[in-house]
Amino acid sequence: MENGQARAMQEALLRWYEENRRELPWREDPTPYHVWLSEIMLQQTRVEAVKAYYRRFLAAFPDIVSLAGASEDEYLKLWEGLGYYRRVRNLHKAAGIVTERYGGRLPASYAELRALPGIGAYTAAAIASIAFGIPQPAVDGNLLRVFARVICHEEAIETSASGKAAETWFRERMPDDAPGDFNQALMDLGATVCLPNGAPRCTVCPWQTSCLSYRNGIAERYPLRAEKKPRKREARTVFLLTQGDAIYLRRRPQKGLLAGMWEFPNTEGHLSPAEAKAFLAKQGMEVGEPEALPSAVHTFTHCVWEMTAYRVEVKERERTAGSEELVSAARAELEASYAIPSAFAAYRALL
Ligand code: SF4
């Protein structure tokens, strides 16, 4: 592509952004911390869902030093329902490092940002370009899709070769004096015009005259994708164990899926009522008749939980060698003090 054409694309995109940019809370005051927090929350989560979480989190931890001083229960509680909790654990860990090593301010360097826990190439580029004006394309699914459509890219976009090709291509078009606006314009273009599902809105796109797939009437053929592995399916039985006004909870291990979160006790397999009673007896519990609850499904990145559940009144509980560590929480405390992942939302709603 000619330099002149690259320049024309750059100008058309920035003009479009000026008129069409989305008003978002983190754009009101794009400090490095604000950009960082919003980008971490936006990974895997829709913009609309993030807005309220973003405001609440900032109200509790207005700067990096205050986040570094937060307890696990405090930050997990503020993340409750957003999912992918490793994000907030890394955020907290990185806040500690930034406080110690950089006096509570994120470093103005792509490489140093990239070295912090939870900050990958995309997030480092977003912070570097938006908050520090460093010209670094922030290549995510949106940019890959736009790239693939504009040039009719004939390779699956998930490959690292596609990522590198896209980064080079965007870098050639990125203005030195407004890299943050350029990246944000592409984020908005991908989210509102060059849409991921369904037909792109090519007639209102600032790049329609340069876009090969549009000119050839084949925009929906792109991006090409690698075949996905099917997710592993896991059967689980969940217990709402009540005792008067209290409910039993268990903390998940500090490593792995939903690390450190609180959950309703559960076990592998779909147990019958008799099996459920026998299972609880082994845990030292004398219980009433299990009441079957509706089944529920929760999809994680790599697996799907297919859950059946029982509500069970615990009459007596004796600690045995095989019994699990449980805490008995008053129902009124659940809301304020325990971060329970949305995988259990269907059952939590029944309490
Ligand atoms: Fe996407 Fe259509 Fe714009 Fe091409 S013209 S970049 S396919 S919205």
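Ligands are counted one by one from 1 in listed order, and the atoms in each one are counted from 1 as well.
Taking a cut-off of under 4.0 Å to the non-hydrogen atoms of Gln208, the atoms of ligand 1 that pass are 5 (S). For ligand 1, the atoms closer than 4.0 angstrom to any heavy atom of Tyr214 are 5 (S). Those atoms of ligand 1 with a heavy atom of Ala219 less than 4.0 angstrom away are 7 (S). Against a heavy-atom cut-off of under 4.0 Å, Arg149 is close to the following atoms of ligand 1: 7 (S).
For a distance bound of 2.8 Å, the N, O or S atoms of Cys211 include one lying that close to atom 4 (Fe) of ligand 1. Distances from atom 2 (Fe) of ligand 1 show that Cys202 has an N/O/S atom below 2.8 Å.
Nearest protein neighbour of atom 1 (Fe) of ligand 1, counting heavy atoms only, is Cys194 SG, 2.4 Å. Distance from atom 3 (Fe) of ligand 1 to its nearest protein heavy atom, with residue and atom name: Cys205 SG, 2.3 Å.
Ring centers of Trp305 and Phe344: under 6.0 Å apart, within the cut-off. His298 and Phe300 have their aromatic ring centers within a separation under 6.0 angstrom.
For the 3.5 Å distance criterion, the side chains of Glu80 and Ser342 fail to qualify, holding no donor opposite an acceptor. For the residue pair Glu112 and Tyr102, a side-chain donor N or O sits within less than 3.5 Å of a side-chain acceptor on the partner. Looking only at atom types and distance, the side chain of Gln243 has a donor-acceptor partner in the side chain of Tyr248 under 3.5 Å away. Side-chain polar atoms of Thr123 and Glu39 form no donor-acceptor pair below 3.5 angstrom.
Using a 4.0 Å cut-off between heavy atoms, Val150 contacts ligand 1 through its side chain alone, with no backbone atom that close.
Between Phe147 and Phe170, the ring planes lie tilted relative to each other; the angle falls in the 30° to 60° range.
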